[in-house]
Q: 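Got a structure for you, written out below as structure tokens; questions coming shortly.
Position 1 is the first residue of the sequence; numbering continues from there. Everything quoted here is computed from the prediction, not taken from an experiment.
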Amino acid sequence: QVQLVESGGGSVQAGGSLRLSCAASGYVYRTWCMGWFRQGPGQEREGVAAIAAGGGSTFYADSVKGRFIISRDNAKNTLYLQMSTLKPEDTAMYYCAARYSYDCYSYSWSHRSSYNYWGRGTQVTVSS
């Protein structure tokens, strides 16, 4: 059974930084595409970033490009999201997701339906 557990959320002022982590259990983690999604109050869950199993390709939402970096440490079964220059509009619950696919694919990396497992989320609040 695959479990994903997020951590690292919190409250920060605009312009600050946070690093989210997602600890994955299950031996198949190393061969799966992993992604980060977020859902703000009254909003749809949206894709933030994704990374292929080998870490060779990454994808980002336009709203976070240049500010967020997704990475993974397969030896530790851990996914990361380094968030910098945070804005109030980044306030959301952030979710880690895993997909039965080595690659994430540019046409589907941000689709919720592409992912097979989800964590419970970690809250990020950015104040102005």
Q: Roughly how far apart are F59 CZ and C33 SG, rounded to 0.5 Å?
A: 7.5 Å

Q: Looking only at non-hydrogen atoms, find the nearest pair between A49 and L81 and report the distance.
A: CB-CD1, 4.3 Å

Q: Residues in ring pair (Phe, Tyr, Trp, His ring centres under 6.0 Å) with Y80, at least two apart?
A: none

Q: Identify, with sequence neighbours excluded, every residue that meets side chain to side chain contact (heavy atoms under 4.5 Å, CB included) alongside E46.
A: R38

Q: With sequence neighbours excluded, tell me which residues meet side chain to side chain contact (heavy atoms under 4.5 Å, CB included) with V124.
A: L18, L20, M83, Y94, V126

Q: Under the disulfide bond (SG atoms under 2.5 Å apart) definition, can you give me all pairs with a residue in residues 40-101, not counting sequence neighbours?
A: C22-C96

Q: N116 vs W32, test: side chain to side chain contact (heavy atoms under 4.5 Å, CB included). Steps then yes/no.
A: CA-CA 10 Å; N116 305 96; W32 288 4; 5.7 Å; no

Q: Going by side chain to side chain contact (heavy atoms under 4.5 Å, CB included), name the residues that satisfy it together with S127, two or more places apart in sequence or in a different chain.
A: Q13

Q: Return the set of residues passing side chain to side chain contact (heavy atoms under 4.5 Å, CB included) with A24 (not counting sequence neighbours), or none when no residue passes.
A: L4, Y29

Q: Please round to the nearest 0.5 Å and tell me the distance separating atom CZ of R45 and atom OG of S110.
A: 14.0 Å

Q: In the hydrophobic cluster built from side-chain contacts under 4.5 Å, what are the other members alongside Y107?
A: Y105

Q: Show every salt bridge (charged side-chain N to carboxylate O under 4.0 Å, His left out) that has at least one partner inside residues 66-77, sequence neighbours left out.
A: R67-D90

Q: If I take atom CH2 from residue W109 and atom CG from residue D103, how far apart are they, to the nearest 0.5 angstrom?
A: 15.0 Å

Q: Just to verify, what does Y95 make a ring pair (Phe, Tyr, Trp, His ring centres under 6.0 Å) with, not counting sequence neighbours?
A: none

Q: Show me the pairs that pass ring-ring contact (aromatic ring centres under 6.0 Å, His included) and involve residues 35-58, at least two apart or across chains.
A: F37-Y115, F37-W118

Q: Under the side-chain hydrogen bond (donor to acceptor under 3.5 Å, both in side chains) test, which residues partner S108, sequence neighbours left out?
A: R99

Q: Could I get the full list of ring pair (Phe, Tyr, Trp, His ring centres under 6.0 Å) partners for Y102, not counting sequence neighbours?
A: none

